[in-house]
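Structure, as structure tokens:
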Number of protein chains: 2
Amino acid sequence: MTKETPLDLLRAKGYKITPQRRAVLQAFASCPPFPTAQQLCEEVRKQQPDVSLDTIYRNLSLLTELDIVHEIFRSSGNVYELADATHHHHHLVCTECGHTECIDVCPMTDAYEQEAAKKGFAITGHIFEFYGLCQKCQQKLHKK
Amino acid sequence: MTKETPLDLLRAKGYKITPQRRAVLQAFASCPPFPTAQQLCEEVRKQQPDVSLDTIYRNLSLLTELDIVHEIFRSSGNVYELADATHHHHHLVCTECGHTECIDVCPMTDAYEQEAAKKGFAITGHIFEFYGLCQKCQQKLHKK
DNA sequence: ATTAGTGCAAACGTTTTGCAACTAG
DNA sequence: CTAGTTGCAAAACGTTTGCACTAAT
């Protein structure tokens, strides 16, 4: 029942703990929710001005592979969230401004797994996202 | 109860019916399901060799805006589907090869709308996608 | 010492843009 | 006629790659 930290997991898999890697993980705490690679990079650069954006990308893709972070596709660049910190949830995304909030519901059931299995699919994950207009954007559009 | 065709809708909104636009709409029929802009372009070029890819993009974005087609984000380039032809459904996507199938279930309920409304969101749409491995890719990975 | 990780620069693929020419209504 | 549409070329954007150098183990 010991909780494995991201760093433990990296070590366990034989990856090195570099200052850059530490910083990427920490950056999530001080970034807006669902940061882009860019935003994370800017955050990391406050501590380590010389990190390169590609290092951020490389680490994000490693962390995604290890399921330490989740990568969420957006038409205008992907965003990330720390996996372990958050319990399972889904998102409300404003189609105007991109503002994102979490919503504590999940429709996933065994029935879907079975439905998928009929087609030969083994489900490993799912996304359920709502698109709409946040309050601000509703007002803005109303005035026009 | 008259069914509005995509062309009617375009006309009604004051957009012109160009050969390129017709061809894009037709291309969906002869393309693999969930084509990319590239694939649609190649299909259109069989009839009209000189269409430019940007015209395809411009039309897809217009058609998406009018909800005639749906744009689905993928990390490796977005894909499209004709909205009207298909009843409401969701997708199974293979994370290895990208193979996509439809699944005839939808968990959307009023309860979600209300939950979202509490946070000031007006929901306009949603996506529910399952990720996993298709049969082929399961076998392939098993052999390794 | 060894292997993994880094920064740099350049490349990549998708999508968007400005513009002058064209065309459907 | 004329507003909307096109093709072209170039750019923008997020992301990935090859390489020689550096650093964690």
Side-chain angles (χ1 to χ4, degrees), chain A residues 6-27 31 34-45 47-66 68-80 95 98, chain B residues 5-27 31 34-45 47-66 68-80 98:
Chain A
L7 293 183
D8 290 339
L9 194 70
L10 283 170
R11 256 188 290 264
K13 296 259 182 182
Y15 296 106
K16 293 176 179 171
I17 312 296
T18 65
Q20 292 88 336
R21 241 161 229 177
R22 283 194 138 87
V24 169
L25 287 167
Q26 285 166 6
C31 264
F34 312 104
T36 61
Q38 273 289 357
Q39 291 175 312
L40 286 163
C41 188
E42 281 157 28
E43 201 54 39
V44 169
R45 279 186 175 152
Q47 316 288 329
Q48 310 184 29
D50 293 336
V51 272
S52 66
L53 182 54
D54 15 277
T55 294
I56 306 295
Y57 274 112
R58 275 188 278 231
N59 283 327
L60 282 173
S61 97
L62 172 63
L63 294 172
T64 300
E65 212 170 282
L66 298 179
I68 293 172
V69 312
H70 295 153
E71 184 178 44
I72 305 169
F73 307 145
R74 291 267 183 282
S75 54
S76 50
N78 301 336
V79 299
Y80 301 85
T95 50
Chain B
T5 68
L7 294 182
D8 291 339
L9 193 71
L10 283 169
R11 256 187 290 264
K13 297 261 181 180
Y15 296 105
K16 294 176 178 171
I17 312 296
T18 63
Q20 291 87 338
R21 241 161 229 176
R22 284 195 138 87
V24 168
L25 287 167
Q26 285 166 4
C31 266
F34 312 104
T36 62
Q38 273 289 357
Q39 290 175 313
L40 286 162
C41 187
E42 281 158 28
E43 200 55 39
V44 170
R45 280 186 174 150
Q47 315 288 329
Q48 309 184 31
D50 292 337
V51 272
S52 66
L53 183 54
D54 15 276
T55 294
I56 306 295
Y57 274 111
R58 274 188 279 234
N59 283 327
L60 283 173
S61 97
L62 172 64
L63 294 172
T64 300
E65 212 170 282
L66 298 180
I68 294 171
V69 313
H70 294 154
E71 184 178 43
I72 304 168
F73 307 145
R74 292 267 183 279
S75 53
S76 51
N78 301 335
V79 299
Y80 301 84

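Labels below follow one simple rule: chain letters A, B, ... track the order of the sequence lines, proteins then strands, and each chain is numbered from 1.
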For atom CD of A:Q20 and atom C1' of C:dG7, their distance in whole Å: 9 Å
5' to 3' contact window, DNA chain D with chain A (heavy-atom distance under 4.0 Å): D:dG14 to D:dT25
Salt bridge (charged side-chain N to carboxylate O under 4.0 Å, His left out) contacts touching residues 11-22 of chain B (sequence neighbours left out): B:D8-B:R11
Those residues that, when tested against A:F34, pass ring pair (Phe, Tyr, Trp, His ring centres under 6.0 Å) (two or more places apart): A:H91
B:V79 vs B:T18, nearer the 5' end of DNA chain C by closest nucleotide: B:V79
Beyond-backbone contact of A:P35 with A:E43, side-chain heavy atoms, under 4.5 angstrom: no
Student check: side-chain heavy atoms of B:T64 and B:Y80 closer than 4.5 Å: yes
Inter-residue atom distance B:L7.CG - B:L25.CG, 0.5 Å rounding: 6.0 Å
Pairs where residues 68-80 of chain A contributes a residue and the test salt bridge (charged side-chain N to carboxylate O under 4.0 Å, His left out) is met, not counting sequence neighbours: A:R74-A:E129
Atom pair distance, as rounded to whole Å: CZ in B:R21 and P in C:dC22: 19 Å
Estimated bend of the helix from C:dA1-D:dT25 to C:dG25-D:dC1 (axis per five terminal pairs, rounded to 10 degrees): 40°
Spacing of B:R22 atom CZ relative to C:dA24 atom C1', expressed in whole Å: 11 Å
Minimum-distance nucleotide (side-chain atoms of B:P19 versus C:dA24, C:dT14, C:dC8): C:dA24
Rounded distance in Å - CG (A:N78) to P (C:dT14): 14 Å
From CD (A:Q20) to SG (A:C41), nearest 0.5 Å: 11.0 Å
Interatomic distance, B:I56 atom CD1 to B:R45 atom CZ [nearest 0.5 angstrom]: 7.5 Å
Interatomic spacing from CD1 in B:I68 to OG1 in B:T5 - rounded to 0.5 Å: 8.5 Å
Integer-rounded Å distance: C:dT16 C1' and B:E71 CD: 13 Å
d(CG, B:L40; P, C:dT15) in whole Å: 11 Å
Closest heavy-atom pair and its distance - A:L66, A:L9: O-CD2, 3.8 Å
Strand contacts (DNA chain C) in residues 48-57 of chain B, 4.0 angstrom heavy-atom criterion: B:L53, B:D54, B:Y57
Residue pair B:L10 / B:L62, side-chain heavy-atom distance below 4.5 Å: yes
Between C:dT6 (P) and A:Y15 (OH): distance, integer Å: 12 Å
